[in-house]
> 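Quick one: this structure, given as structure tokens, is what I'll be asking you about.
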Amino acid sequence: VFTYNILLKALCKNGRVDGARKLLKEMSNKGCSPDNVSYTTIVSSLCKEGRVEEARELAKSFAPIVPVYNALISGYCQECEFGTAFDLLNEMSVRGIDPNVITYTIVINNLCDAGNVDLSMAVLGKMISRGCDPNIHTFTSLIKGFFSKGRLHEGCDLWSRMIREGIVPNTIAYNTLIHGLCASNFVVEALSVLHQMERNGCTPNVTTYSTLIDGFAKLEDLDGATEIWNRMIRSGCYPNVVAYTCMVDALCRVGMFERATDLIENMARSNTSPNTLTFNALIRGLCRYGRVNCAMKAFVSMGIHGCLPN
RNA sequence: UGCAACAACAAC
């Protein structure tokens, strides 16, 4: 089974789900029964390709297990077919298969992405009433959901509630909080969250730093952005293309184009090549400052660096 | 070996 599952996963990853389906049949014929992992791999891959109906049909021939339901529910949510997702959730209960924290979190996260935090909160209530405790993923999805609707206060309240319930925030949760604060221009508060996470022994990553650099950049606070950049380097965290691009943007917004260009050259020399967004930041900055000729030169240099305009 | 959460540009 392990041999077959490894192959199934590899086939699915390379977009050869149909090959995987054939292999699934073949393994049974050769006397090696597929297990729950085999089923979930196939169903999940079909869903990710948007072939949800097909996945559901196929799943009918498998044992009804939670991960397969989760993959299907996730698939229907991605297609914004929340009605069907809720039907499946009901079907689970009817068949005596208890949804787990992942099941509910999938629904909550997708509803949040669709902009419906309020319904997500209702699902949270439902899972708790059924004795299923939300975890860090659940709370992070909801907090992000409130923030993306501009409901900063409710997002922060939920953060406090999560802490009260004894859930220890991880780097991703902190990053979500920092991003929410930055998006509402509360960069000073975001910075104090960075300090708080460090005090609590949670290591910031390149996303943490990029989020803060971007926050300062949007407020045209080059000193703030630079301070974060230096802090990132000092901590031994390597900037990626996003971090570089945020820093290029910070420089461009205050008209420091020579330094921005130097930074891009730096990237090209390291193994972090600039991308289209990096050049868009530079070109937009130059245009804002009326330096259209330089912008045209940057546009040419973009092609030299192998970046296509979008 | 399988299912869920985080960051950067623009236009509409």
Side-chain angles (χ1 to χ4, degrees), chain A residues 1-13 20 34-48 55 59 62 65-75 77-78 99-113 120 134-145 147-148 162 169-180 182-183 190 204-218 225 228 239-250 252-253 274-285 287-288 302 307 309-310:
Chain A
V1 217
F2 280 71
T3 318
Y4 278 109
N5 284 350
I6 291 165
L7 279 169
L8 288 175
K9 188 187 177 186
L11 285 169
C12 290
K13 227 165 98 183
D35 64 2
N36 291 342
V37 176
S38 327
Y39 297 143
T40 309
T41 306
I42 305 261
V43 170
S44 164
S45 300
L46 282 171
C47 288
K48 281 183 180 146
F62 303 154
I65 54 163
V66 179
V68 166
Y69 268 107
N70 288 354
L72 287 172
I73 290 171
S74 173
C77 286
Q78 302 285 327
N100 61 16
V101 58
I102 297 178
T103 319
Y104 290 112
T105 302
I106 289 169
V107 176
I108 287 173
N109 183 47
N110 282 282
L111 283 172
C112 284
D113 282 350
S120 280
N135 63 16
I136 185 70
H137 292 254
T138 322
F139 276 107
T140 303
S141 292
L142 284 160
I143 290 165
K144 183 186 151 208
F147 287 162
S148 67
M162 175 179 85
N170 58 16
T171 303
I172 294 176
Y174 276 113
N175 289 352
T176 304
L177 178 59
I178 288 172
H179 180 240
C182 285
N205 62 15
V206 67
T207 301
T208 321
Y209 296 116
S210 303
T211 306
L212 280 159
I213 292 169
D214 184 53
F216 282 110
K218 291 205 163 107
I228 302 293
N240 61 11
V241 61
V242 177
Y244 270 111
T245 300
C246 292
M247 199 57 215
V248 165
D249 189 37
C252 289
R253 282 178 193 259
N275 64 18
T276 302
L277 274 55
T278 317
F279 280 97
N280 285 352
L282 175 62
I283 291 170
R284 180 170 38 93
C287 290
R288 272 191 190 155
M302 179 175 187
C307 300
N310 64 10

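Naming: A, B, ... by sequence-line order, numbering from 1 per chain. Everything quoted here is computed from the prediction, not taken from an experiment.
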> Contact class for Ile102(A) vs. all strands (heavy atom < 4.0 Å): base, sugar-phosphate, or nothing?
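Base: the residue Ile102(A), judged by heavy atoms under 4.0 Å, touches a nucleobase.
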> Contact class for Asn135(A) (heavy atom, under 4.0 Å): base, sugar-phosphate, or nothing?
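Base, at least one base atom sits under 4.0 Å.
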> Describe the nucleic acid contact of Asn170(A) in one word from base, sugar-phosphate, nothing, applying a heavy-atom distance below 4.0 Å.
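Touches a base.
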> For Phe279(A), check ring pair (Phe, Tyr, Trp, His ring centres under 6.0 Å) against everything at least two apart and list the hits.
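So Phe279(A) forms a ring pair (Phe, Tyr, Trp, His ring centres under 6.0 Å) with His305(A).
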> Which part of the nucleic acid, if any, lies within reach of Ser44(A) when heavy atoms closer than 4.0 Å are counted: base, sugar-phosphate only, or nothing?
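The residue Ser44(A) makes sugar-phosphate contact but no base contact.
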> How close do Met162(A) and Pro169(A) get, counting heavy atoms only, and between which atoms?
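So the two residues come closest at CE-CB, 4.1 Å.
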> Please classify the nucleic acid contact of Lys13(A) as base, sugar-phosphate, or nothing, using heavy-atom distances under 4.0 Å.
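No contact.
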> Verify, without hydrogens or angle tests, whether Asn110(A) (side chain) and Ile106(A) (backbone) share a donor-acceptor contact under 3.5 angstrom.
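Between the backbone of Ile106(A) and the side chain of Asn110(A) there is a qualifying donor-acceptor contact (under 3.5 Å).
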> Base, sugar-phosphate alone, or nothing: which one does Asp113(A) contact when heavy atoms must sit under 4.0 Å apart?
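Result for Asp113(A) = nothing.
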> How would you label the contact of Asp249(A) with the nucleic acid (heavy atoms, under 4.0 Å): base, sugar-phosphate, or nothing?
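Answer is nothing: Asp249(A) stays at 4.0 Å or more from every strand.
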> At the 4.0 Å heavy-atom cut-off to chain A, mark where contacts on RNA chain B begin and end, going 5' to 3'.
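Answer, 5' to 3': rU1(B) to rA10(B).
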> With Asn170(A), which residues qualify under side-chain contact (heavy atoms from CB on, under 4.5 Å), at least two apart?
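So Asn170(A) forms a side-chain contact (heavy atoms from CB on, under 4.5 Å) with Ile136(A), Ile172(A), Ala173(A).
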> Give one of base, sugar-phosphate or nothing for Ser210(A), where a contact means two heavy atoms less than 4.0 Å apart.
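Ser210(A): base contact, heavy atoms under 4.0 Å.
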> Do Asn135(A) and Thr138(A) make a side-chain contact, defined as non-hydrogen atoms from C-beta onward lying under 4.5 Å apart?
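In short, these two side chains touch, coming nearer than 4.5 Å.
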> Counting any heavy atom closer than 4.0 Å, what does Thr40(A) reach on the DNA or RNA strands: base, sugar-phosphate only, or nothing?
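Contact class for Thr40(A): base.
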> Between Lys218(A) and Asp249(A), is there a side-chain N and carboxylate O pair less than 4.0 Å apart?
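Salt bridge flag = no for Asp249(A) with Lys218(A).
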